[in-house]
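Accompanying notes for the structure given below.
Per chain, numbering begins at 1; letters A, B, ... match sequence-line order. As the structure is a computational prediction, the values presented were derived from the model and not from experiment.
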Protein chains: 2
Amino acid sequence: MANKINAKYQEMAKISKALAHPTRMFIIDKLNEKEHCVCELTEMIGVDISTVSKHLSILKNAGIISAEKRSNMVYYNLQCSCVLNIFSCVLDVIQSNIDSTKEMIE
Amino acid sequence: MANKINAKYQEMAKISKALAHPTRMFIIDKLNEKEHCVCELTEMIGVDISTVSKHLSILKNAGIISAEKRSNMVYYNLQCSCVLNIFSCVLDVIQSNIDSTKEMIE
DNA sequence: TGCCTATTTGGCAAAACTGCCAAATAATGT
DNA sequence: ACATTATTTGGCAGTTTTGCCAAATAGGCA
């Protein structure tokens, strides 16, 4: 075990890994507007409900979203608005990439 | 193909995926201080140089870092400081998770 | 040219991730 | 208790990621 990467980076990668899927990015974007149950998200996304449930559990596990059971439905919310900052920072990086590409062409 | 997730989320996930590894998070943190060649990073990380090279190519491919060849070494730099914002946002999420856990215990 | 150092690439096996189906669990209403 | 609806869990096959080794590539220097 020669690897010297410490717990800090492990933890950071865990958060990033939780975001590293288009469906999960979509879910975060939707939960930003308002809470949603698994059913609603499944309808929007168009994959099997079990798949959506698993994506939600990954996000919950990373501490990014929280679940609240009401009646027989489970409503999900962003746990902390700070995730949205990551969201917009990622968009900044994408914009910066577009700018770099433009520069190269010109 | 019932999946309705669009290109925007694909692109965002791509960036996040590039960050989703402890070694790559470490590399970004180091490149923030100053540029480094593959050799130096390999020394710091403690894995095979080919592994480090592949991590670097993943980050480069995502437009997060840039490479400059000087003599027979390749020096890597952050392509855009905006990645650092993601970095600190991720740390915020971690801190928020810690706070939530604390609250739960009390 | 030949040698040395730095880096990248190809290939492979092990591990992790993804998405489906089926089954289990939970709450509600009959 | 039974049926219905919402959600989670287990399992499985297909795909992707990871990290090592070995080989290829590239630059500097004798």
Side-chain angles (χ1 to χ4, degrees), chain A residues 1-6 9-28 30-31 35-62 64-77, chain B residues 1-6 9-28 30-31 35-62 64-77:
Chain A
M1 186 63 100
N3 197 309
K4 294 167 188 165
I5 303 295
N6 67 32
Y9 301 103
Q10 300 278 352
E11 202 57 34
M12 295 183 73
K14 193 179 135 191
I15 302 293
S16 197
K17 199 178 286 192
L19 302 173
H21 194 286
T23 297
R24 296 197 290 269
M25 281 287 184
F26 175 87
I27 289 171
I28 291 167
K30 287 304 157 191
L31 294 185
E35 67 170 18
H36 284 289
C37 66
V38 187
C39 241
E40 291 167 339
L41 292 168
T42 300
E43 174 70 24
M44 292 189 263
I45 296 165
V47 295
D48 196 273
I49 192 168
S50 70
T51 301
V52 175
S53 178
K54 276 175 185 173
H55 281 305
L56 288 165
S57 98
I58 289 167
L59 288 169
K60 183 158 164 278
N61 221 276
I64 291 169
I65 63 175
S66 61
E68 189 192 333
K69 182 148 200 170
R70 291 207 301 277
S71 154
N72 61 342
M73 272 119 105
V74 179
Y75 287 92
Y76 283 91
N77 264 292
Chain B
M1 185 64 97
N3 197 309
K4 296 167 188 165
I5 303 295
N6 68 31
Y9 302 104
Q10 300 278 351
E11 202 57 34
M12 295 184 72
K14 195 178 131 191
I15 301 294
S16 199
K17 198 179 286 191
L19 301 173
H21 193 286
T23 297
R24 296 198 289 269
M25 281 288 184
F26 176 86
I27 289 171
I28 291 167
K30 286 305 158 190
L31 293 186
E35 66 170 17
H36 285 289
C37 65
V38 187
C39 240
E40 289 167 342
L41 292 167
T42 300
E43 174 70 23
M44 291 188 265
I45 296 165
V47 296
D48 196 272
I49 191 170
S50 71
T51 300
V52 175
S53 178
K54 277 174 185 171
H55 281 305
L56 288 165
S57 98
I58 288 167
L59 288 170
K60 184 158 164 277
N61 222 275
I64 291 167
I65 62 175
S66 62
E68 191 192 332
K69 183 146 199 170
R70 291 206 302 275
S71 152
N72 61 342
M73 271 118 107
V74 179
Y75 287 92
Y76 283 91
N77 263 293

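Among the atoms of the strands shown, only primed sugar atoms or phosphate atoms (P, OP1, OP2) are found under 4.0 Å from some heavy atom of B:Ser71. Heavy atoms of B:Tyr76 sit under 4.0 angstrom from primed sugar atoms or phosphate atoms, though from no base atom. Using a 4.0 Å heavy-atom distance criterion, A:Ser50 is classed as a base contact. Counting non-hydrogen atoms under 4.0 angstrom, A:Arg24 reaches the backbone sugars and phosphates but no base.
Note that the NE2 atom of A:His21 and the CE atom of B:Met12 stand 14.5 Å from one another [nearest 0.5 Å]. Going from atom OG of B:Ser66 over to atom CD of B:Glu35 covers 9.0 Å, rounded to the nearest 0.5 Å.
Distances were taken from every side-chain heavy atom of A:Val47 (C-beta onward) to each of D:dA6, C:dC20, C:dA6; the shortest belongs to C:dC20. When distances are taken from the side chain of A:Asp48 to each of D:dA6, C:dC21, C:dT7, the shortest belongs to C:dC21. Counting only heavy atoms from C-beta on, B:Ser53 has its side chain closest to C:dT8 among D:dT9, C:dT8, D:dA6.
If you measure from atom CD of A:Glu40 to atom P of D:dA6, you get 11 Å, rounded to the nearest angstrom. Rounded to whole Å, the distance from CG on B:Leu41 to C1' on C:dT7 is 12 Å. Atom CD1 of B:Ile65 is separated from atom P of C:dT7 by 13 Å (rounded to the nearest Å). Spacing between atom NZ of B:Lys54 and atom C1' of D:dT17 amounts to 11 Å, rounded to whole angstrom units. Between the NE2 atom of A:His55 and the C1' atom of D:dT7 there is a distance of 15 Å, rounded to whole Å. Rounded to an integer number of Å, the gap from NE2 of B:His21 to P of C:dA15 is 14 Å. In this structure, CD1 of A:Ile27 is placed 11 Å from P of C:dT18, rounded to the nearest angstrom. Counting to the nearest Å, the P atom of C:dT18 and the OH atom of B:Tyr9 are 18 Å from each other.
Two residues are said to be in side-chain contact when any heavy atoms from C-beta on lie closer than 4.5 Å; A:Val52 and A:Val47 meet this criterion. Side-chain contact check for B:Asn77 versus B:Ile65: every heavy-atom pair is 4.5 Å or farther apart.
Side-chain atoms of B:Lys69 and base atoms of D:dG28 include no donor and acceptor less than 3.5 Å apart.
Sequence order on DNA chain D of the closest nucleotides to B:Ile58 and A:Cys37 puts A:Cys37 first from the 5' end. Mapping B:Thr51 and A:Ile49 onto DNA chain D by nearest heavy atom places A:Ile49 at the nucleotide closer to the 5' end. Closest-nucleotide positions on DNA chain C for A:Lys17 and B:Leu56 were compared, and the one nearer the 5' end corresponds to B:Leu56.
Side-chain atoms of B:Thr42 come within 3.5 Å of backbone atoms of B:Val38 as a donor-acceptor pair (strictly under, hydrogens ignored). Although no hydrogens or angles enter the test, the distance criterion places no donor-acceptor pair under 3.5 Å between the side chain of A:Arg24 and the main chain of B:Ala13.
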- Message: Using the rule given for side chain to side chain contact (heavy atoms under 4.5 Å, CB included), can you reason through A:Phe26 versus A:Met44, listing the C-alpha separation, both sets of side-chain angles and the distance that settles it, and then say yes or no?
- Response: CA-CA 10 Å; A:Phe26 175 87; A:Met44 292 189 263; 3.9 Å; yes
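Checked options A:Ile45, A:Ile58, A:Ile64; the residue passing with A:Ile27 is A:Ile45 (criterion: side chain to side chain contact (heavy atoms under 4.5 Å, CB included)).
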Show each protein N/O and nucleotides 1-4 of chain C N/O combination with a separation under 3.5 Å, one pair to a line.
none

